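Here the structure is a predicted model, which is why all the values come from computation and not from measurement. Every number for a ligand or one of its atoms is a count from 1 in the order of the listing.
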Amino acid sequence: MKKLIQNQKEVFINQLLELLKIPSISADPQYKDEVKKTAEWIKNALNDIGCTTVKIYETEGHPVVYGEILVSESAPTVLVYGHYDVQPPDPLELWDSPPFEPIIKKTDLHPNGAIFARGACDDKGQMFMHLKAIELLVKNKSLNSNVKFVIEGEEEVGSDHLEKFITDHKSMLQSDIILISDTGINSIQNPAITTGLRGLSYMEVTVIGPNRDLHSGLYGGTVANPINVLCDMIASLHDQNRKVNISGFYDQVVEISEQELQKMNENGIDEKSFKDSIGIDAVMGEKGYTTLDRRSIRPTLDVNGIWGGYTGEGAKTVIPNKAHAKISMRLVPDQNWKDISVLFEKHFKAIAPAGVKVEVTTHHGGGSYVTPTDSVAYKAAEKAYQQVFGVVPHAKRDGGSIPIVPMFEKVLGSKTLLMGFGFDSDAIHSPNEHYGIDNFLKGIETIALFYPHFTALQKQLKP
Ligand code: BES
Ligand code: MN
Ligand code: MN
């Protein structure tokens with residue numbers, strides 16, 4: 001397999017570079033046609049690798065691309081999920097090269113080069129590994145599982161229309177395992193299989209004061225200033241131990257045993273390199289937990305944006321009529337994102353002082369997910385990683401969210417295996433996003449090796 005990949009690597013990389021040139025920004029309606037073009041590109045790519053059925057499904061949002069290769073009714077079936085949409089690239093001025101003109105550069109962590117482009121790692125580069133792994137297995141006449149691809153265009157905006165798609169196509173999407181590469185590993189020397197994702201609850205709040213912007217000399221000191229009030233309210237959302245100060249917030253949290261925590265922290269975060277990599281001199285978070293705990297198994301609350309009043313050049317003395325903030329909460333098992341959104345709304349309204357009105361809206365959300373580690377799929381993945389990386393991968397719970405994963409389990413009844421190959425330092429969602437060439441090639445190899453192990457183990461289970 002390694003040899004096959006070496007022979008094809010230039011071709012595979014060039015194909016990925018083509019895909020990365022299309023700006024499939026799902027959040028921005030101006031890019032609707034580009035998103036569509038990307039769906040067409042994926043459709044053609046699925047045809048090229050030997051899918052027998054390929055179809056673009058229109059939704060009320062961006063299209064879903066579906067493809068399948070059915071080798072035999074008795075063979076196990078793998079459903080591959082990925083997303084072809086990307087985050088907006090701004091702020092553009094912080095990119096060293098344009099986000100949709102991919103280039104390959106070497107970095108300290110990627111001595112064999114990395115592809116710099118929006119979507120390189122999240123998720124075009126990672127999704128594309130699956131197409132190439134299947135292409136190799138087909139060419140090699142060694143594909144022994146059925147494969148179904150669901151590649152969507154709305155992951156970065158909450159997968160709003162995918163639930164309907166999977167509900168409407170339940171029987172078409174039946175599988176023994178769902179396979180996703182949209183998470184990460186710590187390093188090539190110490191790879192991991194992701195076993196957990198956090199949930200998410202994304203809110204927006206508005207604090208409304210006087211009926212118009214006021215002169216801050218004539219009125220300052222006499223009325224509730226919405227920005228001052230919003231800052232007070234936000235500050236009160238954490239207590240002195242940096243726990244989220246919303247009553248009931250932790251009620252559904254399943255505490256992890258000391259033993260499990262200890263095991264998890266054997267592959268902990270090196271605090272010095274963590275701090276250095278993001279240019280800070282101290283970490284901050286919930287008291288009593290490590291940095292790894294804080295970003296994987298503990299729920300959090302963060303302000304993502306805050307605005308209001310005068311933000312133009314120079315100074316303007318004004319008390320604004322409104323202040324706004326976007327606030328997200330990362331959730332862990334068994335917190336229910338809808339319950340948490342309601343809890344947040346009630347709490348935020350309750351703490352508003354007299355003199356202001358508060359509006360709260362929920363944007364989107366999704367559940368957390370923990371994958372089993374005793375499954376056939378996990379064991380097959382472990383074997384594949386071991387062959388490629390030379391070590392047994394450790395299990396790692398990630399801090400990010402892929403809301404469709406718990407939804408797949410609810411609607412389709414299938415478990416997911418998260419085989420991601422990105423590094424945290426690959427700058428997903430940030431300027432200069434990149435994806436290592438080694439990560440890409442080793443990912444293809446690991447995925448290709450997963451299939452024979454999975455089929456063999458699955459046949460032992462269900463001969
Ligand atoms: N691929 C990421 C999620 C991710 C990244 C999980 C790294 C684990 C490790 C995904 O594309 C993403 O960005 N998800 C969003 C949620 C979505 C609803 C916008 C997130 O986590 O913020
Ligand atoms: Mn992603
Ligand atoms: Mn993302």
Side-chain angles (χ1 to χ4, degrees), residues 19-20 24-28 38 61-62 80-89 99 117-130 150-163 178-186 191-204 269 292 295-297 299-305 326-332 337-338 340-341 362-371 395-408 416-431 433-435 439 443:
L19 173 60
L20 290 169
S24 48
I25 307 165
S26 50
D28 188 341
T38 315
H62 299 302
V80 174
Y81 163 84
H83 63 94
Y84 66 81
D85 65 319
V86 301
Q87 285 277 328
R118 171 57 85 231
C121 177
D122 184 12
D123 179 42
K124 286 173 171 170
Q126 296 216 60
M127 172 267 291
F128 197 55
M129 299 183 308
H130 288 266
V150 171
I151 315 292
E152 74 149 320
E154 295 195 304
E155 197 276 343
E156 298 293 8
V157 286
S159 300
D160 281 348
H161 303 97
L162 200 61
E163 182 180 355
I178 296 171
L179 197 53
I180 303 180
S181 295
D182 198 19
T183 54
I185 55 175
N186 293 348
I193 299 175
T194 299
T195 55
L197 295 165
R198 284 195 287 192
L200 180 72
S201 185
Y202 203 112
M203 314 297 294
E204 182 162 335
I269 292 174
L292 180 64
R295 74 123 190 230
S296 61
I297 53 116
T300 60
L301 180 150
D302 275 292
V303 180
N304 300 264
K326 295 194 192 268
I327 298 176
S328 66
M329 290 162 281
R330 294 283 168 176
L331 310 175
V332 300
W337 78 269
K338 288 189 177 155
I340 294 289
S341 300
T362 303
H363 277 285
H364 57 226
S368 57
Y369 193 70
V370 177
T371 73
K396 156 174 186 265
R397 281 174 65 166
D398 260 321
S401 309
I402 310 178
I404 198 63
V405 171
M407 193 62 76
F408 278 141
T416 291
L417 174 70
L418 297 158
M419 289 172 76
F421 297 93
F423 289 162
D424 287 344
S425 53
D426 285 347
I428 64 172
H429 295 204
S430 303
E433 175 178 351
H434 54 280
Y435 189 43
N439 303 59

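- Draw a line from the Mn ion (ligand 2) to OD1 of D182 and another to NE2 of H83, and the angle between them is 100° (to 10°).
- Because the distance cut-off is set at 2.8 Å, E155 fails to qualify as a neighbour of the Mn ion (ligand 2), as none of its N, O or S atoms comes that close.
- Nearest heavy-atom pair across S341 and S201 is OG-OG, 2.6 Å.
- Listed by number with element, the atoms of ligand 1 under 4.0 Å from a non-hydrogen atom of H83 are 11 (O).
- Across all non-hydrogen atoms, the minimal contact from D426 to C121 is OD2-SG, 3.9 Å.
- Angle NE2(H429) to the Mn ion (ligand 3) to OE2(E156): 110° [nearest 10 degrees].
- Scanning the protein for heavy atoms near atom 15 (C) of ligand 1, the closest one is S401 O, 3.6 Å.
- With a heavy-atom cut-off of 4.0 Å, D398 touches ligand 1 through its side chain alone.
- When every heavy atom of S368 is checked against every heavy atom of L331, the shortest pair comes out as CB-O, 3.7 Å.
- In this structure, the side chain of Y369 engages the main chain of T416 through a donor-acceptor pair within 3.5 Å.
- Between the D123 side chain and the H83 main chain, a donor and an acceptor come within less than 3.5 Å of each other.
- Among all non-hydrogen protein atoms, the one lying nearest atom 6 (C) of ligand 1 is G400 CA, 3.6 Å.
- The shortest N or O to N or O distance between H429 and ligand 1 is under 3.5 Å.
- When all heavy atoms of E154 and H62 are compared, the closest pair comes out as OE2-N, 3.1 Å.
- The closest protein non-hydrogen atom to atom 4 (C) of ligand 1 is D182 O, 3.6 Å.
- Protein heavy atom at the shortest distance from atom 11 (O) of ligand 1 is E155 OE1, 2.7 Å.
- Residue contacts with ligand 1 for I428 involve side-chain atoms from C-beta outward but no N, CA, C or O (heavy atoms, distance under 4.0 Å).
- The only option from N186, L292, T195 that meets the side chain to side chain contact (heavy atoms under 4.5 Å, CB included) definition with K396 turns out to be N186.
- The side chain of P403, and not its backbone, has at least one atom closer than 4.0 Å to an atom of ligand 1 (non-hydrogen atoms only; side chain from C-beta on).
- No heavy atom of D123 sits closer than 4.0 Å to any atom of ligand 1.
- Remark: among candidates Q126, R330, R198, the nearest residue to atom 21 (O) of ligand 1 is R330, based on non-hydrogen atoms.
- In this structure, D122 and V86 approach most closely via the heavy-atom pair O-CG1, 4.3 Å.
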Test side-chain contact (heavy atoms from CB on, under 4.5 Å) on M329 and W337; report intermediate values, then the result.
CA-CA 9 Å; M329 290 162 281; W337 78 269; over 6 Å; no

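- Residue-level proximity to ligand 1 for E156 is carried by backbone and side chain together, each with a heavy atom below 4.0 angstrom.
- The minimum distance between the Mn ion (ligand 3) and any N, O or S atom of D122 involves atom OD2.
- The N/O atoms of T183, backbone and side chain alike, include none that comes under 3.5 Å of an N/O atom in ligand 1.
- Panel note: side chain N439, backbone F421; a donor-acceptor pair is recorded below 3.5 Å.
- With hydrogens and angles ignored, the 3.5 Å screen pairs a side-chain donor or acceptor of E433 with a backbone N or O of G119.
- Heavy-atom contacts of D122 reach the following atoms of ligand 1: 1 (N), 2 (C), 11 (O), 13 (O) (cutoff under 4.0 Å).
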